[in-house]
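Along the sequence shown, residues are numbered consecutively beginning with 1.
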Amino acid sequence: MATNKASLLLIFPSLPASVNCKTIRRLVRDGLADCGYGSLARLLAVTRCTVLTVTDPANGRREYHGLVQVKPAKAAMDVIEALSGKELCGRQIIVRRYQQRSGSGSELGAPALSSERRRRDLKLDIFDI
């Protein structure tokens with residue numbers, strides 16, 4: 001099956017400020033080990049890890065989100081199941097499959113919903129480590 005060898009991009013929203021890519025990579029590896037991958041967890045690839053810092057200029061509030069590309073896709077799905085709801089630095093984490101949102105609506109050309117939650121004036125910093 002082709003999707004089994006493909007990678008998936010996962011998002012870890014609302015992470016503690018102290019979390020970096022090294023922490024996220026270790027978390028993914030440990031999650032895979034907990035799923036029964038054992039020593040194979042070290043061989044499965046986190047092909048990319050990015051920490052996004054989103055700053056709201058209106059109030060200076062910062063949010064931290066992790067983006068992790070995991071290969072193969074089956075391992076990524078296992079990571080979602082293994083890590084969602086776990087604690088990291090005292091905070092419960094969520095892991096889900098990342099889905100690109102378009103500011104102008106869906107890829108099918110539908111207009112953007114009036115309930116769009118995205119705040120347009122945010123400052124975004126991206127750190128690949």
Check against side-chain contact (heavy atoms from CB on, under 4.5 Å), L83 and D34: CA-CA 9 Å; L83 297 180; D34 290 347; 5.8 Å; no

Quick one: list whatever passes side chain to side chain contact (heavy atoms under 4.5 Å, CB included) with R91, sequence neighbours left out.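 R91 satisfies side chain to side chain contact (heavy atoms under 4.5 Å, CB included) with P16 once adjacent residues are dropped.
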
Could you tell me which residues satisfy side chain to side chain contact (heavy atoms under 4.5 Å, CB included) with Q69, sequence neighbours excluded, listed by chain and number?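 Side chain to side chain contact (heavy atoms under 4.5 Å, CB included) check on Q69 returns S7, L9, T47, R48.
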
Whether [X] side chain and [Y] backbone form a donor-acceptor pair below 3.5 Å:
X	Y	result
S84	I80	yes
T53	Y64	no
H65	S14	yes
R25	V46	yes

Contact check, side chains of [X] and [Y], non-hydrogen atoms, under 4.5 Å:
X	Y	result
V79	L8	no
V68	F12	yes
L67	Y98	yes

Mind checking the CZ-CG spacing from R62 to D56? Nearest 0.5 Å is all I need.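 That separation rounds to 11.5 Å.
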
At what distance, to the nearest 0.5 angstrom, does CD1 of I93 lie from CG of L88?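 Going from CD1 on I93 over to CG on L88, the span is 5.5 Å.
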
Least distance between heavy atoms, [X] atom then [Y] atom:
X	Y	answer
C21	V51	SG-CG2, 3.8 Å
C89	V19	SG-CG2, 4.2 Å
C35	D78	SG-O, 3.5 Å

Criterion side-chain contact (heavy atoms from CB on, under 4.5 Å) on I11 and V95, from CA distance to verdict: CA-CA 6 Å; I11 185 163; V95 184; over 6 Å; no

D30 vs R26, salt bridge (charged side-chain N to carboxylate O under 4.0 Å, His left out): CA-CA, chis, key distance, verdict: CA-CA 6 Å; D30 292 349; R26 187 177 333 112; 5.8 Å; no

